Asker: 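I have a structure here, written as structure tokens, and I will follow up with some questions on it.
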Amino acid sequence: MKRLIVGLGEALWDMLPEGKKIGGAPANFAYHAAQFGMDTMAVSALGDDNLGNEIAQKFAEKKLNVLMPRVPFPTGTVQVSLDAQGVPTYDIKEGVAWDNIPFTPELEEVARNCRAVCWGSLAQRNEVSRNTIHRFLDATPKDCLKIFDINLRQNFYNEELLLESFKRCDILKINDEELVTIGRLFGYPGLDMTNKCWLILGKYNLDALVLTCGVNGSYVFTPGAMSFLETPKVEVADTVGAGDSFTGSFCAAYLSGVPVSEAHRLAVETSAFVCTQNGAMPTLPKNFIDRIK
């Protein structure tokens with residue numbers, strides 16, 4: 001088996017007022033890393049239903065390599081509703097397929113051949129998938145790059161859950177709002193944003209901490225160094241999957257031995273491009289791909 005870059009976690013449909021769209025960070029991450037020539041796989045679980053069939057078909061059309069067994073639970077959905085001002089609220093349905101990802105011999109084999117894995121907190125809200133994620137991480141080789149893209153949603157996290165992933169990861173990706181939440185949860189009052197990041201980097205002995213701040217730029221902290229880049233001003237079509245494209249391109253560049261500052265720049269520009277396109281999985285321009293060959 002080839003050594004794989006794996007996105008591990010939720011696969012779902014966002015049920016929007018204008019129709020449904022495939023959601024879930026792991027597939028977006030795997031798709032974008034694959035565009036840079038990496039062997040990737042998205043791992044989740046689907047229901048044995050029409051929504052599951054449609055997800056499988058869409059991923060096949062995108063030529064995305066997946067391991068998504070069918071389980072006796074409905075395929076995940078998120079009900080998205082808009083208020084009078086157009087601000088969305090999300091109802092992430094529980095007791096769904098991706099809450100019940102089984103740890104199979106096939107998945108263990110993937111773990112043993114894993115070059116990098118990216119996971120988040122949302123897919124750990126249920127004990128079954130949480131245990132599968134932990135067993136997967138524990139089965140990976142010593143040199144596997146572990147990326148925790150924190151992805152806080154609703155109330156589907158707690159201190160213990162986050163702590164377990166902090167201890168297991170090499171790279172933590174977090175946004176400015178999540179950093180505030182983490183500061184409150186773990187008791188880092190009075191520290192400014194960058195000092196919180198330095199503290200977390202050192203406390204958990206991380207190789208890197210990536211902080212994204214929307215239109216206010218992004219940072220990559222590594223022991224003894226910090227990279228900051230402004231967010232490019234672009235005409236936004238939608239922001240769906242932009243964060244996942246950032247992580248996927250950063251991971252691909254990092255594994256290719258590109259200096260962290262250059263990996264950061266590629267991730268920023270990839271994410272900005274994805275914002276100019278509709279949907280989470282646009283085809284990237286060739287000049288982006290050529291930058292890490």
Side-chain angles (χ1 to χ4, degrees), residues 5 25 28-29 32-33 36 38 115-121 143-152 157 159 162-234 239 241-275 284 288 291-292:
I5 295 174
N28 296 338
F29 164 81
H32 286 290
F36 290 94
M38 300 287 159
R115 188 179 177 197
V117 56
C118 182
W119 77 100
S121 58
D143 65 346
C144 175
L145 181 69
K146 300 181 179 77
I147 304 169
F148 181 40
D149 188 350
I150 194 165
N151 196 23
L152 300 182
Y157 60 89
E159 192 174 342
L162 296 173
L163 192 57
E164 279 298 316
S165 286
F166 290 163
K167 288 176 181 173
R168 281 177 159 89
C169 73
D170 304 305
I171 296 177
L172 173 64
K173 180 166 176 277
I174 192 167
N175 67 34
D176 48 356
E177 291 176 3
E178 290 167 340
L179 185 62
V180 171
T181 302
I182 295 301
R184 287 200 196 109
L185 202 57
F186 286 87
Y188 308 144
L191 290 178
D192 69 14
M193 198 167 64
T194 55
N195 280 330
K196 278 195 187 88
C197 291
W198 285 123
L199 178 74
I200 294 167
L201 184 80
K203 187 175 176 66
Y204 299 103
N205 196 27
L206 303 176
D207 294 338
L209 186 152
V210 179
L211 173 69
T212 57
C213 305
V215 296
N216 297 314
S218 59
Y219 301 77
V220 179
F221 297 83
T222 53
M226 181 187 81
S227 167
F228 170 78
L229 288 172
E230 292 184 0
T231 302
K233 289 179 171 57
V234 295
T239 59
D244 304 323
S245 71
F246 186 114
T247 315
S249 53
F250 183 85
C251 175
Y254 190 90
L255 288 173
S256 300
V258 171
V260 167
S261 58
E262 289 179 35
H264 183 195
R265 185 171 298 281
L266 178 63
V268 166
E269 292 176 11
T270 299
S271 178
F273 172 79
V274 170
C275 286
L284 297 175
F288 281 40
R291 282 162 62 179
I292 64 168

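Being a predicted model, the structure only gives us computed values, none of them experimental.
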Asker: With distance as the sole criterion, is a donor-acceptor pair present between the side chains of H264 and S218 under 3.5 Å?
Answerer: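 Indeed, the side chains of H264 and S218 share at least one donor-acceptor pair under 3.5 Å.
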Asker: Please find the pair of heavy atoms, one from S121 and one from F148, that lie closest to each other, and give the distance.
Answerer: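 In terms of heavy atoms, the two residues are closest at N-CE1, 3.6 Å.
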Asker: So, taking the atom named CG in L152 and the one named CG in N175, what distance separates them when rounded to the nearest 0.5 Å?
Answerer: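 Between atom CG of L152 and atom CG of N175 there are 7.5 Å.
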Asker: Return yes if some donor-acceptor pair links the side-chain N/O of T239 with the main-chain N/O of C275 below 3.5 Å, else return no.
Answerer: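 Not at all, since once roles are kept as given, no pair shorter than 3.5 Å links the two residues.
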Asker: Hey, is the main chain of G120 close enough, under 3.5 Å, to the side chain of D149 for a donor-acceptor pair?
Answerer: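 No, because the side chain of D149 does not come within donor-acceptor range (under 3.5 Å) of the backbone of G120.
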Asker: Looking only at atom types and distance, does a side-chain atom of R168 sit under 3.5 Å from a main-chain N or O of L163, one as donor and one as acceptor?
Answerer: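 Side chain of R168 to backbone of L163, a donor-acceptor pair under 3.5 Å: no, none is there.
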Asker: Check for a donor-acceptor pair, side chain of T231 on one end and backbone N or O of G217 on the other, with a separation under 3.5 Å.
Answerer: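 Pair found, side chain donor or acceptor close to backbone of G217.
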Asker: Is any side-chain heavy atom of H32 closer than 4.5 Å to one of V274?
Answerer: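 In contact.
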Asker: What pair of heavy atoms forms the shortest contact from W198 to T222, and how long is it?
Answerer: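 Minimum heavy-atom contact is CZ3-O, 3.4 Å.
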Asker: I need the C213 SG to L211 CG distance, nearest 0.5 Å.
Answerer: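 If we round to the nearest 0.5 Å, C213:SG and L211:CG are 4.0 Å apart.
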Asker: Exactly one of I150, I182, T181 should register a side-chain contact (heavy atoms from CB on, under 4.5 Å) with Y157. Which one does?
Answerer: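 Answer after filtering I150, I182, T181: T181.
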Asker: Could you state the interatomic distance from CD (E178) to CG (N151), rounded to the nearest 0.5 Å?
Answerer: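 That separation rounds to 6.5 Å.
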Asker: For F221 and T194, run side chain to side chain contact (heavy atoms under 4.5 Å, CB included): C-alpha distance rounded to whole Å, both residues' side-chain angles, the deciding distance at 0.1 Å, then the answer.
Answerer: CA-CA 9 Å; F221 297 83; T194 55; 4.0 Å; yes
Asker: Between atom NZ of K167 and atom NZ of K203, what is the distance when rounded to the nearest 0.5 Å?
Answerer: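 Result: 9.5 Å between the selected atoms.
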Asker: Rounded to the nearest 0.5 Å, how far apart are NZ of K173 and SG of C251?
Answerer: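 If we round to the nearest 0.5 Å, K173:NZ and C251:SG are 12.0 Å apart.
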Asker: Taking all heavy atoms of D207 and all of L201, pick out the closest pair and write down the distance.
Answerer: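 Looking at all heavy atoms of both residues, the shortest contact is C-CD1, 4.4 Å.
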Asker: Answer whether the closest heavy-atom distance between the side chains of F29 and I5 falls below 4.5 Å.
Answerer: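 They are in side-chain contact.
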Asker: If I compare all heavy atoms of F36 with all of L284, which pair ends up nearest, and what's the gap?
Answerer: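 The pair with the smallest heavy-atom distance is CE1-CD1, 3.6 Å.
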Asker: Show the numbers, then the answer: is there a side chain to side chain contact (heavy atoms under 4.5 Å, CB included) between C118 and T247?
Answerer: CA-CA 9 Å; C118 182; T247 315; 4.0 Å; yes
Asker: Would a distance-only check, ignoring hydrogens and angles, find a side-chain to backbone donor-acceptor pair under 3.5 Å from S165 to L162?
Answerer: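 Pair absent, no side-chain N/O of S165 close to backbone of L162.
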Asker: Please verify the inter-ring angle class for Y204 with F166; under 30° counts as parallel, over 60° as perpendicular, anything in between as tilted.
Answerer: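 Tilted: the ring planes of Y204 and F166 meet at 30° to 60°.
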Asker: Between S249 and F246 (side chain of the first, backbone of the second, donor and acceptor by atom type, cut-off under 3.5 Å), is there such a pair?
Answerer: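 Pair found, side chain donor or acceptor close to backbone of F246.
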Asker: Do R115 and L145 have side chains that get closer than 4.5 Å, going by heavy atoms?
Answerer: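 Sidechains of L145 and R115: no contact.
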Asker: If you round to the nearest 0.5 Å, how far is CD of E269 from CZ of F288?
Answerer: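 Answer for the CZ-CD pair, F288 versus E269, is 5.5 Å.
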Asker: Check whether more than 12 heavy atoms from other residues, nucleotides or ligands sit under 6.0 Å from atom CD of E177, and answer yes or no.
Answerer: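 12 or below, so no.
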Asker: What I want to find out is whether E262 reaches R291 closely enough, with some N-O distance under 4.0 Å, to be called a salt bridge.
Answerer: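 Looking at E262 and R291, the cut-off is not met.
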Asker: Which heavy atom in A253 sits nearest to a heavy atom in L266, and how many Å separate them?
Answerer: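 Shortest heavy-atom separation between A253 and L266 comes out as CB-CD2, 4.1 Å.
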Asker: Do the side chains of V220 and F250 get nearer than 4.5 Å, heavy atoms only?
Answerer: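 F250 vs V220: side chains touch.
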Asker: Evaluate the side chain to side chain contact (heavy atoms under 4.5 Å, CB included) criterion for residues L172 and I200: first the C-alpha distance (whole Å), next the side-chain angles of each, then the deciding distance (0.1 Å), finally the verdict.
Answerer: CA-CA 9 Å; L172 173 64; I200 294 167; 3.8 Å; yes
Asker: Given the rule in the side chain to side chain contact (heavy atoms under 4.5 Å, CB included) test, do I171 and V210 qualify, once you have shown the distances and angles that lead to the verdict?
Answerer: CA-CA 7 Å; I171 296 177; V210 179; 4.2 Å; yes
Asker: Heavy atoms only: give me the nearest A272-V234 pair and the separation to one decimal.
Answerer: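 Reported closest heavy-atom pair: O-CG2, 3.8 Å.
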